[in-house]
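When a residue number appears, it is its place in the shown sequence, counting from 1. Since the structure is predicted, the reported quantities are computational estimates derived from the model, not experimental observations. These values consider heavy atoms only, across backbone and side chains, with no hydrogens, waters or symmetry-generated copies.
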Amino acid sequence: MPEHDFAQWVDHFHAEAARRAATAEPDWSAGAQLPDTVWASLQKFQVGEDGDGANLIGKADKEGDPDYALAARLFVAEEQNHARLLARLLEAGGRPTLDGHWSDRIFVRVRRLLGMRTELLVLMIAELVAVPYYRAVRDGAADPLVSEVAGRIMADEERHIPFHCDRLADSLAELGPAARRVTVGGWRLLLLAAALFVAVDHGPALRDLGARRTRFVRDVFRLSGPVAVAILGEAGRVGAVRRQGVAHAS
């Protein structure tokens, strides 16, 4: 039986939605100035944030937990808001959105290969890459609008990590101890490969933001440590994620 009560996550996502509704939009009329490398990087990330989440929602519906299914829908809504914010930011900077990108198509295909567990493990990779990336944009962009948008998105991504940890911990609990460790070990290797790819593909942008590629990869992999503890169901679980990982990193 699932250990976590996702009704609490439903309340959490509803509270965040109410907070966003009460918060003024960024001042898009101020415009934005960034190096071309950073604009190109943000265009790719905007593609990755965009999508209707139908595949995830369909799998969540089959899990048999209506609270989790609703929480998954609210999570997707937050991701869609990220795509909207980035699209508005690109517009403020006079840059178009992209219709698609090959790296995003590969990412989507990989996470749809198997069931919900694979979907969430791959989504967790995206969240762990996103936190150091948006932090680099927030801290390295010499533009108030860009820093504000990146900060808003990063804060959401930080909250998404323990949400996915709860569901993954329940899912991995269905496996034996050895299978859990093999799964998480393989996942961390895939995460490292993804971080290296982003560091290379977005390297010029990271450089212009004053972020070293080696530091970026190290930060991504460091965040995975407490996440691995949490989803393995070991001591500390999600509390470890908040104390040792994301909260400390921000």
Side-chain angles (χ1 to χ4, degrees), residues 32 34 36-60 72-93 95-113 116 118-138 140-141 146-147 149-161 163-164 187 190-206 208-209 211 213 216-217 219-221 223-224 227 246:
L34 283 172
D36 289 343
T37 56
V38 182
W39 283 124
S41 176
L42 289 171
Q43 285 174 316
K44 294 177 185 178
F45 265 79
Q46 195 277 333
V47 171
E49 298 279 7
D50 203 7
D52 60 9
N55 194 66
L56 173 64
I57 290 171
K59 290 177 180 177
R73 283 172 166 79
L74 296 170
F75 157 74
V76 168
E78 288 196 355
E79 292 294 322
Q80 291 172 335
N81 185 55
H82 297 170
R84 181 190 68 84
L85 289 171
L86 289 174
R88 291 296 306 273
L89 179 60
L90 290 167
E91 180 183 7
R95 305 295 171 122
T97 57
L98 303 179
D99 292 332
H101 191 264
W102 65 267
S103 60
D104 181 63
R105 288 192 289 270
I106 292 175
F107 173 79
V108 170
R109 288 175 184 172
V110 169
R111 69 181 174 84
R112 291 180 177 178
L113 282 174
M116 175 62 94
T118 300
E119 179 100 9
L120 292 181
L121 285 169
V122 178
L123 272 176
M124 183 70 86
I125 288 174
E127 303 285 11
L128 291 175
V129 167
V131 169
Y133 173 80
Y134 286 117
R135 184 169 64 245
V137 176
R138 182 197 67 181
V146 175
S147 294
V149 171
R152 290 190 186 199
I153 296 175
M154 187 189 74
D156 285 345
E157 304 291 21
E158 288 178 334
R159 293 187 300 100
H160 293 167
I161 291 172
F163 169 60
H164 295 318
W187 169 76
L190 186 59
L191 171 67
L192 179 59
L196 288 168
F197 170 79
V198 172
V200 172
D201 191 40
H202 297 262
L206 292 172
D208 288 341
L209 290 167
R213 286 180 289 185
F216 171 81
V217 173
D219 285 350
V220 171
F221 198 68
L223 286 175
S224 72
V227 168
V246 175

So do [Y] and [X] actually touch side chain to side chain, heavy atoms under 4.5 Å?
X    : Y    : value
E79  : E127 : yes
W187 : V227 : yes
F216 : L209 : no

Heavy-atom closest pair, residues [X] and [Y]:
X    : Y    : value
R138 : S147 : O-OG, 2.9 Å
A32  : L89  : CB-CD1, 4.1 Å
A141 : V146 : CB-CG1, 3.6 Å
L86  : E49  : CD1-CG, 3.9 Å
L206 : A199 : CD1-CA, 4.1 Å
K59  : M116 : C-CE, 3.6 Å

If I take atom [atom1] from residue [X] and atom [atom2] from residue [Y], how far apart are they, to the nearest 0.5 angstrom?
X    : Y    : atom1 : atom2 : result
L191 : L121 : CG    : CG    : 10.5 Å
L90  : L34  : CG    : CG    : 9.5 Å
D156 : I161 : CG    : CD1   : 11.5 Å
L123 : H164 : CG    : NE2   : 5.0 Å
L56  : R73  : CG    : CZ    : 9.5 Å
E78  : H82  : CD    : NE2   : 6.0 Å

Is the backbone N or O of T97 less than 3.5 Å from a side-chain atom of Q43, with the two atoms forming a donor-acceptor pair by type?
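No; judged by distance alone, with no hydrogens or angles, the pair does not exist.
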When you measure from the side chain of W39 to the backbone N and O of R95, does any donor-acceptor pair fall under 3.5 Å?
no
Considering the options I153, L223, D219, which one meets the side-chain contact (heavy atoms from CB on, under 4.5 Å) requirement together with V131?
L223
Qualifying residues under ring pair (Phe, Tyr, Trp, His ring centres under 6.0 Å), relative to F45, sequence neighbours excluded:
Y133, Y134, H202
